[in-house]
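Here's the structure, in structure tokens; my notes come after.
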Amino acid sequence: EASVASPFTSKVPNITCVVKLLREGRASISTSFMTFHYMAVYSIAEFTTVAILYYFYSGLSQNEYLWIDLLIILPLSYIMGINGPYYKLVKRRPPGRLAGPDGIIAMAVRIIGIVLFQIVGFLYLQSREWYVPVSFADQVYNEYYVQNSQANTVLFCIASSQVLTMAINLAVGPPYRSRLYHNIPMMVCLAVLVPCNIYIILAPYNWYQKIWDVVLEVRPIDSLLFRVGILLIVTVYFFLFYLLEGFVFNSKWFHNVVKVLRCKRQPNNPYKKILTELGPMWPLEGQHLARAVTPPVRGQHSFINPLSVGKVYKESTI
């Protein structure tokens with residue numbers, strides 16, 4: 001309805017406002033879906049971290065919760081949707097359902113990646129000879145759980161990096177939204193958060209472990225190599241899902257593969273059914289258009305009969 005009314009309510013005396021409205025609408029629905037996916041992703045990341053730590057008698061501290069929730073999630077979830085529409089209107093429409101098969105498969109892959117990389121980081125910690133697990137006696141002594149443990153440090157670094165990198169990967173640009181670097185507030189926020197997060201992973205933990213309640217009591221050379229390994233795990237996670245978000249989940253061939261897996265042969269949308277019947281020659285031109293127009297009745301205007309268009313196209317192809 002808005003597409004029909006926009007030429008009559010716009011200050012521009014032509015139909016270019018329809019194109020602008022379509023671009024804005026597609027950017028809006030793409031941003032809404034992106035925000036929902038990010039909310040689900042950071043919830044799964046934090047839940048996985050807490051579940052693993054609780055199983056091994058540990059947990060995140062209040063300051064770590066504040067760093068993830070207040071300093072990473074809150075600003076990014078607000079400013080990542082500021083991107084405007086893409087300058088060009090593409091033929092392919094954005095997904096119309098939040099719980100469609102494409103979105104469900106993409107979300108399942110994101111969840112598996114989050115859980116898998118956190119488990120890999122924890123197993124990497126357990127493989128070190130200096131790893132000291134938290135015992136049940138330590139938990140009883142601390143009355144609830146041990147916060148300043150080695151597992152706490154590793155999973156906190158990986159989870160915070162996952163939340164940060166997924167915000168970058170989900171803020172995809174074309175074909176519906178403008179590119180990430182056009183979002184100046186988000187670029188400023190990333191310019192602050194990314195170096196801080198890398199510093200938390202690589203810096204020695206002796207001076208700020210009282211602030212963050214983290215600890216990694218190992219020999220200096222082993223500590224440095226281990227921290228570089230954690231940073232490498234985070235980097236692999238970032239580039240893997242950057243490729244998936246940019247070249248797989250938003251691609252046309254991924255949509256076609258999902259359609260094949262669903263064994264969907266004909267569209268369910270009535271508009272698509274009519275468009276299929278019209279054939280590739282729509283909109284009609286020349287003699288095909290003249291044959292599709294019904295003779296005008298006296299006192300009425302001539303109109304194009306949609307049912308006769310298909311017949312004209314079939315006759316022209318014989």
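What's counted below: heavy atoms across the whole structure, side chains too, no hydrogens, waters or symmetry copies. Just so it is clear, the model here is predicted, and its values are computed rather than measured.
- Without hydrogens or angle criteria, N183 side chain to G81 main chain gives no donor-acceptor distance under 3.5 Å.
- R179 contributes no side-chain N or O that, together with a main-chain N or O of P174, makes up a donor-acceptor pair within less than 3.5 Å.
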Next on the checklist: I'd like to know whether C157 forms a side chain to side chain contact (heavy atoms under 4.5 Å, CB included) with V234, so could you lay out the CA-CA distance, the side-chain angles of the two residues, the decisive distance to 0.1 Å, and finally the verdict.
Outcome noted: CA-CA 9 Å; C157 294; V234 172; over 6 Å; no
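- For the pair L76 and C189, the tightest heavy-atom approach, listed with the atom from each and the gap, is CD2-SG, 3.9 Å.
- Within the 4.5 Å cutoff, the side chain of H182 has no heavy atoms near those of the N83 side chain.
- At a threshold of 4.5 Å between side-chain heavy atoms, the hydrophobic network of Ile, Leu, Val, Met, Phe, Trp and Tyr places Y181 and V188 in two separate groups.
- The CD1 atom of I233 sits 10.5 Å away from atom CD of Q162, with the distance rounded to the nearest 0.5 Å.
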Next on the checklist: Assess the residue pair F56 and Q126 against the criterion (side chain to side chain contact (heavy atoms under 4.5 Å, CB included)); give the C-alpha distance rounded to whole Å, side-chain angles, the decisive distance to 0.1 Å, and a yes or no.
Outcome noted: CA-CA 12 Å; F56 292 97; Q126 286 185 323; 4.1 Å; yes
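- A171 approaches M34 most closely through the heavy-atom pair CA-SD, 3.7 Å.
- Within the structure, salt bridge (charged side-chain N to carboxylate O under 4.0 Å, His left out) contacts touching residues 108-118 (residues at least two apart or in different chains) are R110-E245.
- The minimum heavy-atom distance linking L155 with I52 is given by the pair CD1-CG2, 3.6 Å.
- Checked against side-chain contact (heavy atoms from CB on, under 4.5 Å), L244 has the following partners two or more places apart in sequence or in another chain: V109, L240, F241, V248, F249.
- When all heavy atoms of A27 and Y176 are compared, the closest pair comes out as CB-O, 3.5 Å.
- The closest donor-acceptor contact from the side chain of T165 to the backbone of S161 lies under 3.5 Å.
- In the hydrophobic clustering of ILVMFWY residues, with side-chain heavy atoms under 4.5 Å counting as a link, I104 and V115 come out apart.
- Between R26 and L89, the closest side-chain pair of non-hydrogen atoms falls below 4.5 Å.
- For N250, there are no side chain to side chain donor-acceptor pair (under 3.5 Å) partners at least two apart in sequence or on another chain.
- When all heavy atoms of G59 and N152 are compared, the closest pair comes out as O-ND2, 2.6 Å.
- Tracing side-chain contacts under 4.5 Å through hydrophobic residues (I, L, V, M, F, W, Y), one reaches M39 starting from I114; they form part of the same cluster.
- Between the side chain of Q118 and the backbone N or O of T49, at least one donor-acceptor pair lies under 3.5 Å.
- Taking CD1 from I158 and CG from L231, the interatomic distance works out to 11.0 Å, rounded to the nearest 0.5 Å.
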Item to check | Derivation of the ring pair (Phe, Tyr, Trp, His ring centres under 6.0 Å) call for Y124 and F226 | outcome: CA-CA 9 Å; Y124 177 57; F226 180 78; 4.8 Å; yes
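- Atom CG of L53 is separated from atom CZ of F156 by 11.5 Å, given to the nearest 0.5 angstrom.
- Taken from CE in M80 to CE in M166, the straight-line distance is 10.0 Å, to the nearest 0.5 Å.
- Atom CG of L232 sits about 12.0 Å away from atom CG of L225, to the nearest 0.5 Å.
- Counting all heavy atoms, side chain and backbone alike, P85 lies closest to R23 at CB-O, 3.4 Å.
- Transitive grouping of hydrophobic side chains (ILVMFWY, heavy atoms separated by less than 4.5 Å) brings Y55 and V120 into a common cluster.
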Next on the checklist: Let's go through I230 and L125 carefully: what are the C-alpha distance in whole Å and the side-chain angles of both, what is the deciding distance for side chain to side chain contact (heavy atoms under 4.5 Å, CB included) to 0.1 Å, and is it a yes or a no?
Outcome noted: CA-CA 9 Å; I230 295 296; L125 173 65; over 6 Å; no
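- Considering CD1 of I111 and OG of S43, their distance stands at 10.0 Å, rounded to 0.5 Å.
- Grouped with V192 in a hydrophobic cluster is no other residue, since no side-chain heavy-atom contact under 4.5 Å to another Ile, Leu, Val, Met, Phe, Trp or Tyr is found.
- Considering only heavy atoms from C-beta on, I29 comes within 4.5 Å of P94 through its side chain.
- Every residue meeting the ring pair (Phe, Tyr, Trp, His ring centres under 6.0 Å) condition with Y38, not counting sequence neighbours, appears here in chain and number order: Y42.
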Next on the checklist: With side chain to side chain contact (heavy atoms under 4.5 Å, CB included) as the criterion, how do L66 and L71 come out once you've worked through the C-alpha distance, each side chain's angles and the decisive distance to 0.1 Å?
Outcome noted: CA-CA 7 Å; L66 288 176; L71 298 179; over 6 Å; no
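- With sequence neighbours left out, the side chain to side chain donor-acceptor pair (under 3.5 Å) criterion links D69 to no other residue.
- Side-chain N/O atoms of S160 and N197 include a donor and acceptor closer than 3.5 Å.
- Placement of F47 and M107 in two distinct hydrophobic clusters is found when ILVMFWY residues are connected by side-chain heavy-atom separations under 4.5 Å, directly or transitively.
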